[in-house]
Every structure is written in structure tokens, then in C-alpha cells.
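What follows is a short report on a single structure.
Here is how names work: the chains are called A, B, and so on, in the same order as the sequence lines, proteins then strands, and each is numbered from 1.
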Amino acid sequence: MLSNQELAALFERIADLLEIKGEVIYKTLAYRRAAESLRGSAEEAALLANQNRLLEIPAVGKAIAEKIQELLDTGKLEFLVRLEQEVPPGLIELLQVPDVGPKKAALFWKQAGITSLAELESAARAGKLRSLPGLGEKSEGRILEGLDALKRRSSRRLLGNVRPVALRWLQWLRAQPGVVQAEAAGSLRRWRATIGDLDLVAASENSSAVMAAFTGHADVQRVLGQGENKSSVELKDGLTMQLWVQPPARFGTLLQFVSGSKDHNVRLRELAQKKGLSLSERAITAAGGAETLYAGEAEVYAALGLPWIPPELREDRGEIQAALENKLPHLLETADIHADLHTHTDWSDGSVSLQAMAEAALARGYQVLAITDHSVGLGVANGLSVDRLRAQRAEMNAVQARLGGRLRLLQGSEVEIHADGSLDFPDEVLAELDIVVASLHSSLRQPRAQVTERLVRAMRNPHVDIIGHPSGRQMPNREGADLDWEAVLAAARESGVALEINAQPARMDLDEIYARRAASLGIPLAIDTDAHEPDQMGWMEYGVSVARRAWLGPAAVLNTWPVEQLLAWLQRKR
DNA sequence: GCCGTTTTCGGCCCGACTGTTTTCAGTCG
């Protein structure tokens, strides 16, 4: 059974091959849009196909729907098989090289017989590229540098790793002479879980001085490009970074443009066009050619008849339509959170005492803290036996007595879900706890039916309150379990269990797609840091960002609820 | 290939930067 992600990858592949083949650009664009739309859809195409509803997927029309159906029915696609006979699939990897696009890939193939990265590299080293039409020595050199960069470059990086770097650069940028204003934009501003390049924007009347300081910065390894409005560098650790500069009067359109996403911007520009306007990073231009400049981003949206759209929503997942109808959601904010329901102490694999975690929660202004150390089955994490669990309750009571009414402690467990779906503690032990988070940590690679049934069985245990990091993914390397999400969500709704948005930057699990779908089904969500030390409680903002990208407001999230309501919910099945 | 109260046919975002091309094509975001 092909997942939406797998289908999307196949349509991207088709788009790449068509582009190299020289197909009209709008056809390849249609495949890419369909792929992106599948990625953003929580409803599995397989399910929609059964209900004859494939055409409901945005950007999927008759031709692509038929191809999805064929892929689901047969696991193959005749159209793609033929395409791969026409265009060598090895050419697709050439597109990863900076400065190599479909036209050059086709040129290398047709005029030099190159069909792989290895062949491209040996041709470049032998000086055979410079004689191709439209290329010279410099192009050949850039391609060699690009091949090197490709080897150094790891995949996308975690938001949690890049964000601190970005904030330091922003501080540096704001301190440069002539810089009036600066922001981090791009996927960082949209809080995507992973980041490719880092995009910074600045307002200045003296862009060349700012650009010179940027490209001359001590951390820069290599300058990839330098102009008046835009420069691009590779840092010593391999991260690539862009800086865009416009005068302060144009900062609004610049910030809007660089924040993306690309698809959001395309939609916005189409909307502008319908109004007879042309939107760019420099201005909004009327049909007659008269420019209007915008210093602020909200005014750009206003000029198009829209309320300001929070960056987290700018993924072309219906936000422009919602804005047009004045139906944008009121989004959750970190300040709405006053509980963390999944944390660890030195009773298991956390690094500090229960008392220290409680103080950290107080320092954040929380009203509720759940301590959920691991259960005995997770031996590597020093999981608690039943005896130790009961001993921990005694310590918790003592700490609670010292805290008085300032913070409500909940004794919980992050209880292992065994490979068969049974739990690591017997029911009578779970019944003693204030809160139970059940999680998968092992045997994540079980077949779909098995791992789904396992999770469903755990949810049906009447003592389970929350499913922790439901997919089990760990970015960038470990994929989540191959779950049948519709079955998981149906079981969650039926059993009254909440699903976690785990805020660890490497997890961010549920992701925004399934969090949005879960909330639309009325399933409560819990945003938890899974902190193993006090500082990690600061990860809450990453969890909140997932919720915002999922269009969630405070009401959808357990840890914003008034304490009495939360406690009542925890008692719901007892 | 998709899509539509300005269209079921004829559109489909816009500009910066680079290299090679003497006026522009390719790539990128």
C-alpha cells in the first residue's frame, strides 16, 4: 500500500524526468503541485480512492487521479516505466548539483552521454564540460565546486539546531552599520521542523556595505554569489545562508517574499494578478507601472485584501482562502501553556531530581507538572520497577507538601508498549497513577497491520491518557512506524485518548499534518517536552510551533486547559 | 496537467544573479 509520501515522491520523479525531457513547464508544475498537495494531506490517497474521492485532493485532476489509482491497484505505473526508458533516471541526481537544472542535465546527457553524478564529475575533471554550448571554464569550475558541496552537505538540519545559529547571526546583522531592521525568514520563520538553507533579510539604504560585511564574515567558507539585493554563502560547517537586502521602504514586500513558502507566494501573486496588480519582493506594481512600496508586511497583505497571515500557516494548505473569508484560526501561543505532561527525572534517565524539575516548572509559570519516568521494560533508561514507582510516589508527596498550592505535581509513567500492544505495568499499578503516557520505543519496524493493532490495543487500555510521540520518528534519520493513521485516529477518538505533540526538536511528533487531522476529529492533543533536564522544558516553543502549523487554537490542547478541567479530564475513565 | 463568478480554453509568479550569449538563458528562491 503506497502512502501519500511515497506517491508524492513518484510524482516528483515524474516531474523531474519530464522537465529533463523538455516537456512544457506547466505540465511538470502540475505534477509538482499534486505531489506537494499529497504531502500536505492527512487523508491517505488509498482511502480516498476507495471512496472515489481522489479528485477532492487539490491539484489532482483526472489524469493524475488515474495514475494514483493505477499505482494503488498494481504498484506500478506504465507511464513512468515508459518515461524511464526515454530519459535515464540517473539524470535526476544531477539536479541536486547547484547550478545544474533540467536544461543542463539534458545537455550533459545528449551531448556528452553523461547519466550519473560520477560521470559528470569525471567529465568535469577532464575539462570536457567547457566545450559544451553555453558553458565555459567558469561554469565547469562551479559545477566541480557544486559536486564538492553536495558531498559535504548533509540533508536538511533540525530547526532546533539551526534556530540558535540564526538568532546569533541576526544579532550580528542588526549591529552592522546602516542596518535598520533585520529578520530571519524562510522555513525558519515558518517553523518548519527541518531547515535547508538559512534566509536572512535586512533593511538598509547601503546594501553594498552590508553585503561586503556578510560575505567577508569570518565564518564564511565560500561565497556562492554576491549582488546588490542578494548574496549567498556557505559557512565553514556546510550550512548555506542567503542574505537579502532592500531599502527600509521596501522591507515589507521583501520579508513577505523571503518568508515563503514558494507555493504560498505563487498563490498570493495569482491573487494580486486577479486584482490587476503584480507582487514582487520589491513592491506592488499596478498595471500602469506605478509602484507602491511597503515597509511592513501586514500592509502587503492588506493591500491584497487579506488579514496578515501568520508565517506558520504559509504552506498553501488553504490559508489564503481562509484569509479571504476572514476565517483564519486563532492560533495557540506559548504563553497559553501552563502544564508539561511528559517529563523525566533522575529516577529514570533524567539528569536532575524531582524537586529540581518542579522548580524549573515553577520558574516557567506552570501550574501543573507531570513526572513520567520510564517503566521497567526500558532497561537502557533505568526504567522504574513497581517498587521504585511506589517509592517515587512517597518522594513526590514530600515535594508536593513543600510546594504547597503553587504547582500541582502529577505522578505518571511513560509506560512501554510491548511488541504485542500490552503495557509494561499491570492495570492495578497503572490505576495508582495520576496520568499515564504510553509510548513505543522498540520494534518500530513492525509491518503496518501489526504496529497499528499494537498501538490501538494500547489505546484501549482504560488507564492510558496520552500516546507519547505516536509515530516514533527521530529526525533526520529514523522514520516513524508505518502506521495506518486513519485506524489510529479512529481508535483515539473512540477510546478518548489524547495524542502527544512531542516537542523535542528531533521528534516533533505528531507532525502538523496528523495533528491537524486529529484536532479536526475532536481528539485532544498534549504538547509535551519530554524534558530530561530543566533547560529542555524550553523546547515547548517547538511543540507549540507544530500546533500552530496544524492550525490549532488553545482549546485543542490539554495543557492550556484550566487546572480543574485538566484534572477532571484525567479522571474521565476512573 | 489543472483550473474557473471576469475563463470548460487559455491561461499558469516574479526578480536577482551568473556566465556567456552581444541581448539572453538557465538556475534559484
Side-chain angles (χ1 to χ4, degrees), chain A residues 11 14-15 18-20 22-37 54-68 79 94-108 129-143 145-146 185-187 190 196-201 207 211 215 223-233 240-246 250 253-254 256-285 291 304 314 316 320 324:
Chain A
F11 287 123
I14 290 173
L18 286 177
E19 215 170 1
I20 295 168
E23 183 58 86
V24 288
I25 189 65
Y26 298 110
K27 194 179 280 196
T28 69
L29 195 64
Y31 280 104
R32 289 195 202 287
R33 279 188 167 177
E36 195 50 45
S37 183
L54 282 175
L55 291 174
E56 290 177 20
I57 303 171
V60 171
K62 187 163 170 290
I64 291 182
E66 281 171 4
K67 291 185 173 69
I68 293 174
F79 175 76
L94 266 49
L95 303 178
Q96 296 168 24
V97 182
D99 296 319
V100 176
K103 295 290 178 2
K104 284 198 188 119
L107 182 75
F108 296 151
L129 296 184
R130 62 184 69 179
S131 53
L132 294 172
L135 276 77
E137 272 183 59
K138 280 192 177 172
S139 302
E140 192 174 76
R142 279 181 81 91
I143 285 166
E145 282 184 5
S187 46
R190 301 197 314 279
D197 302 340
L198 182 51
D199 291 296
L200 300 177
V201 296
S207 87
M211 290 303 187
T215 55
V223 178
L224 304 171
Q226 180 170 0
E228 271 293 295
N229 303 96
K230 178 177 130 184
S231 293
S232 180
V233 301
T240 55
M241 203 158 95
Q242 264 104 229
L243 174 63
W244 310 68
V245 181
Q246 289 284 341
R250 298 184 191 268
T253 40
L254 178 68
Q256 193 289 316
F257 167 70
V258 183
S259 295
S261 67
K262 184 177 170 62
D263 293 332
H264 172 86
N265 285 352
V266 168
R267 293 284 175 214
L268 209 57
R269 288 172 177 203
E270 285 171 356
L271 184 66
Q273 265 199 330
K274 282 184 193 153
K275 296 177 183 292
L277 303 170
S278 169
L279 168 66
S280 80
E281 61 266 45
R282 299 174 49 79
I284 293 180
T285 310
E291 274 191 337
L304 300 173
R314 300 182 194 170
D316 189 26
I320 290 178
L324 280 168

For this session: Using a 4.0 Å heavy-atom cut-off across all strands, classify A:Tyr31 as base, sugar-phosphate, or nothing.
Result: sugar-phosphate
For this session: Could you work out the separation of B:dT27 and B:dT20 based on their C1' atoms and round it to a whole Å?
Result: 14 Å
Seminar exercise, completed: By nearest-nucleotide position on DNA chain B, the 5'-leaning member of A:Gln242 and A:Ile64 is A:Ile64
Seminar exercise, completed: Taken in chain and number order and not counting sequence neighbours, the residues that satisfy salt bridge (Lys or Arg N to Asp or Glu O under 4.0 Å) with A:Arg32 are A:Glu12, A:Asp16, A:Glu19
Problem set entry | For A:Glu281 against A:Gln246, the heavy-atom pair lying closest together | O-CG, 4.4 Å
For this session: Can you see which heavy atom on A:Ile20 is nearest to which on A:Ala106, and at what distance?
Result: O-CB, 3.5 Å
Exercise. Expressed in whole Å, how much space separates the C1' atoms belonging to B:dG11 and B:dT6?
Worked result: 13 Å
Problem set entry | Rounded P spacing from B:dT5 to B:dG1 in Å | 23 Å
For this session: Write down the distance separating the P atoms in B:dA16 and B:dT22, rounded off to the nearest Å.
Result: 23 Å
Exercise. Quantified in whole Å, what is the C1' atom distance between nucleotide B:dC9 and nucleotide B:dC14?
Worked result: 25 Å
Exercise. B:dA16 phosphate, OP1 or OP2: any side-chain N/O from A:Arg282 under 4.0 angstrom?
Worked result: yes
For this session: Measure from CE on A:Met211 to P on B:dC17 and round the result to the nearest Å.
Result: 7 Å
Exercise. What nucleotide, of B:dC14, B:dG1, B:dA16, holds the atom closest to the side chain of A:Lys230?
Worked result: B:dA16
Problem set entry | Separation of atom CD in A:Glu228 from atom P in B:dA16, rounded to whole Å | 11 Å
Exercise. When all nucleic acid strands are considered with a 4.0 Å heavy-atom cut-off, which category describes A:Val97: base, sugar-phosphate, or nothing?
Worked result: sugar-phosphate
For this session: Would you mind classifying the nucleic acid contact of A:Lys262 as base, sugar-phosphate or nothing, using non-hydrogen atoms under 4.0 angstrom?
Result: base
Exercise. For atom C1', what is the distance between B:dC13 and B:dT8, given to the nearest Å?
Worked result: 24 Å
For this session: Please tell me which of the listed nucleotides, B:dG1, B:dG29, B:dC17, lies nearest to the side chain of A:Lys67?
Result: B:dG1
For this session: Consider the side chain of A:Ala30, meaning its heavy atoms from C-beta on, and name the nucleotide among B:dC2, B:dT27, B:dG29 that approaches it most closely.
Result: B:dC2
Exercise. Under 4.0 angstrom, heavy atoms only, what part of the nucleic acid is A:Val24 near: base, sugar-phosphate, or nothing?
Worked result: nothing
Exercise. What integer number of Å spans the P atoms of B:dG15 and B:dG10?
Worked result: 26 Å
Seminar exercise, completed: Sequence neighbours excluded, the answer for ring-ring contact (aromatic ring centres under 6.0 Å, His included) partners of A:Phe257 is A:Trp244
Got a list of protein N/O to nucleotides 18-24 of chain B N/O distances below 3.5 Å?
unit_1 : atom_1 : unit_2   : atom_2 : d
B:dT18 : OP1    : A:Gln226 : N      : 2.7
B:dT18 : OP1    : A:Gln226 : O      : 3.3
B:dT18 : OP2    : A:Gln226 : O      : 3.3
B:dG19 : O3'    : A:Ser139 : OG     : 3.3
B:dT20 : OP1    : A:Gly136 : N      : 2.6
B:dT20 : OP1    : A:Gly136 : O      : 3.4
B:dT20 : OP1    : A:Ser139 : N      : 3.4
B:dT20 : OP1    : A:Ser139 : OG     : 3.2

Problem set entry | Spacing between A:Asp99 atom CG and B:dC28 atom C1', to the nearest angstrom | 9 Å
For this session: Go through the structure and list residues passing salt bridge (Lys or Arg N to Asp or Glu O under 4.0 Å) with A:Lys138, not counting sequence neighbours.
Result: none
Problem set entry | salt bridge (Lys or Arg N to Asp or Glu O under 4.0 Å) involving A:Glu270 - partner list, sequence neighbours excluded | A:Arg33, A:Arg267
For this session: Could you give the distance separating B:dT18 and B:dT23 at their C1' atoms, to the nearest angstrom?
Result: 15 Å
Dump the pairs, protein N or O against N or O of nucleotides 6-12 of chain B, anything under 3.5 Å, distances to one decimal.
none

For this session: Answer with base, sugar-phosphate or nothing: what part of the nucleic acid does A:Ser278 contact at a heavy-atom distance below 4.0 Å?
Result: sugar-phosphate
Exercise. Please give, in whole Å, the distance from B:dG29 C1' to A:Arg314 CZ?
Worked result: 16 Å
Exercise. To the nearest angstrom, how far is A:Ile68 atom CD1 from B:dC2 atom C1'?
Worked result: 13 Å
For this session: To the nearest Å, give me how far apart CD1 (A:Ile284) and C1' (B:dC14) are.
Result: 13 Å
Exercise. Can you check side chain to side chain contact (heavy atoms under 4.5 Å, CB included) on A:Leu135 and A:Ile143, steps first, answer last?
Worked result: CA-CA 11 Å; A:Leu135 276 77; A:Ile143 285 166; 4.2 Å; yes
Exercise. Which residues pass the side chain to side chain contact (heavy atoms under 4.5 Å, CB included) test with A:Glu228, sequence neighbours left out?
Worked result: A:Ser207, A:Ser208
Exercise. Among the nucleotides B:dC17, B:dG26, B:dG15, which one has an atom lying closest to any side-chain atom of A:Lys103?
Worked result: B:dG26
For this session: Mind checking A:Leu268 for me? I need base, sugar-phosphate or nothing, with any heavy atom below 4.0 Å counting as a touch.
Result: nothing
Problem set entry | Watson-Crick or G-U wobble partner of B:dC17, both distances under 3.5 Å | B:dG26
For this session: Applying side chain to side chain contact (heavy atoms under 4.5 Å, CB included), run through A:Tyr31 and A:Glu23 and close with a yes or a no.
Result: CA-CA 12 Å; A:Tyr31 280 104; A:Glu23 183 58 86; over 6 Å; no
Exercise. Between A:Lys104 and A:Glu140, is the closest basic N to carboxylate O distance under 4.0 Å?
Worked result: no
Exercise. Roughly, in whole Å, what's the span from CG in A:Leu279 to P in B:dC13?
Worked result: 12 Å
Exercise. In chain order, what residues pass the salt bridge (Lys or Arg N to Asp or Glu O under 4.0 Å) check against A:Arg142, with sequence neighbours excluded?
Worked result: A:Asp99
Problem set entry | N/O (side chain, A:Asn229) to phosphate O (OP1/OP2, B:dC17) under 4.0 Å | yes
Problem set entry | With sequence neighbours excluded, residues passing side chain to side chain contact (heavy atoms under 4.5 Å, CB included) with A:Gln226 | A:Met211, A:Thr215, A:Val223, A:Ser231
Seminar exercise, completed: Between CG of A:Asp199 and C1' of B:dA16 the distance, given in whole Å, is 14 Å
